[in-house]
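Working notes, beginning with the structure itself.
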Amino acid sequence: MIALKYTGKKMSYSMIYDLHSHTNFSDGLLDPTVLINRAITMGVGTLAITDHDTISAFKNIDIKNNHSIKIIPGVEFSTSWKKINVHILGLNLQLESAALKEGVNFQKEARSRRAIMIAEKLNDIGFKESLEGVFNIAKNENIGRPHFAQYLVNIGAVKNIDQAFRKYLGAGKPGDIKNLWADLPQIVEWIKEAGGTAVLAHPKKYRLTRTKLKDLLDDFIIAGGQAIEVISGNQNPEITQDLANLCLEKNLLASCGSDFHRPGEVWAELGHIPKLPSSCEPVWNNW
Ligand code: AMP
Ligand code: MN
Ligand code: MN
Ligand code: MN
């Protein structure tokens with residue numbers, strides 16, 4: 001077990017909640033312990049670690065220990081809704097849950113199959129042996145498109161990660177492979193069976209029309225979804241207000257998180273996020 005900073009006998013956590021973050025067990029840069037210590041430095045009182053489709057980061061963390069920060073076990077599941085890639089956070093999970101284990105195993109299989117398919121597509125357009133390259137970049141088991149993006153940068157095929165997504169990996173491009181993930185109702189079921197809260201991540205990132213976003217929320221609610229991320233990173237106040245209104249309208253709880261992946265991305269530093277509007281009921285009131 002790796003030691004974490006411990007600041008006193010009687011624990012009282014700061015009021016800053018950051019309920020969305022990534023480690024190097026998915027596409028984040030930092031080791032879980034380094035991530036937690038960075039969150040402490042940033043004044044975060046409650047941190048959810050939510051790697052893409054894996055809970056492996058928790059293998060090396062003793063979440064029950066008296067840290068100066070409260071750690072919430074979480075996951076960010078990938079799914080698709082009407083052929084659009086959508087992310088569902090599971091927060092406050094029981095890590096020993098059989099349903100959760102089944103879920104991450106299913107998604108891990110899907111990720112492996114997808115990695116092979118992406119490599120085949122890249123091969124077809126002239127980038128040979130990307131799978132081997134990607135295995136060298138992704139230190140842990142869970143391969144994602146950002147690892148392919150890094151590979152394309154490394155071999156000089158693109159200038160940066162963003163260009164890799166725009167040309168080869170983003171929506172509608174060869175690396176955008178759909179229909180491999182578990183469907184939305186299944187994802188929500190796994191989360192709820194694990195005692196967790198299902199949260200629609202970053203609702204504005206899907207670039208849906210208002211009608212479509214409401215349709216997605218309705219399907220999510222029918223499946224048992226309970227909350228949306230009203231705050232995702234350092235977003236502007238109009239977006240926050242709009243999502244807070246949707247929360248009220250659809251009777252959903254509200255979550256907030258940085259979606260931190262690595263230091264240096266100023267729009268997504270741990271804990272550096274706006275406060276939830278007072279009209280919102282925070283997701284943690286339920287815990
Ligand atoms: P995957 O889960 O493998 O489909 O990869 C999705 C992840 O790629 C997201 O969680 C982001 O971290 C990252 N991502 C998506 N689009 C971009 C982009 N344009 N530039 C950089 N990273 C991106
Ligand atoms: Mn990511
Ligand atoms: Mn996401
Ligand atoms: Mn994320």
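Just so it is clear, the model here is predicted, and its values are computed rather than measured. Counting convention: from 1, in listed order, for ligands and their atoms alike.
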Assess the side chains of His272 and Asp18: does a donor N or O sit below 3.5 Å from an acceptor N or O?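 Side-chain D/A pair, His272 to Asp18: absent.
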
Side chains of Asp53 and Ser78: any donor to acceptor distance under 3.5 Å? yes

Quick check: of its N, O or S atoms, which one does Asp27 have closest to the Mn ion (ligand 2)?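 Of all N, O or S atoms belonging to Asp27, OD2 is the one nearest the Mn ion (ligand 2).
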
Closest His261 atom to the Mn ion (ligand 2) [N, O or S only]: NE2

Do the two ring centres, one from Phe25 and one from Phe58, sit under 6.0 Å apart?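 No, too far apart.
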
Nearest 0.5 angstrom please: Asp27 CG to Glu76 CD, how far?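 One gets 8.0 Å once the value is rounded to the nearest 0.5 Å.
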
Honestly curious: do Phe260 and Ile16 fall in one hydrophobic cluster under the side-chain, below-4.5 Å linking rule?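 Yes, because Phe260 and Ile16 connect within a single hydrophobic cluster, where side-chain heavy atoms sit under 4.5 Å apart.
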
Using the rule that two of Ile, Leu, Val, Met, Phe, Trp, Tyr join whenever any of their side-chain heavy atoms come within less than 4.5 Å, decide whether Ile155 and Val134 are in one cluster.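 Same cluster.
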
Is any protein N, O or S atom closer than 2.8 Å to the Mn ion (ligand 3), and if so, which? Glu76 OE2, His87 ND1, His202 NE2

Sub-3.5 Å donor-acceptor pair from the side chain of Ser26 to the main-chain atoms of His52, do we have one? yes

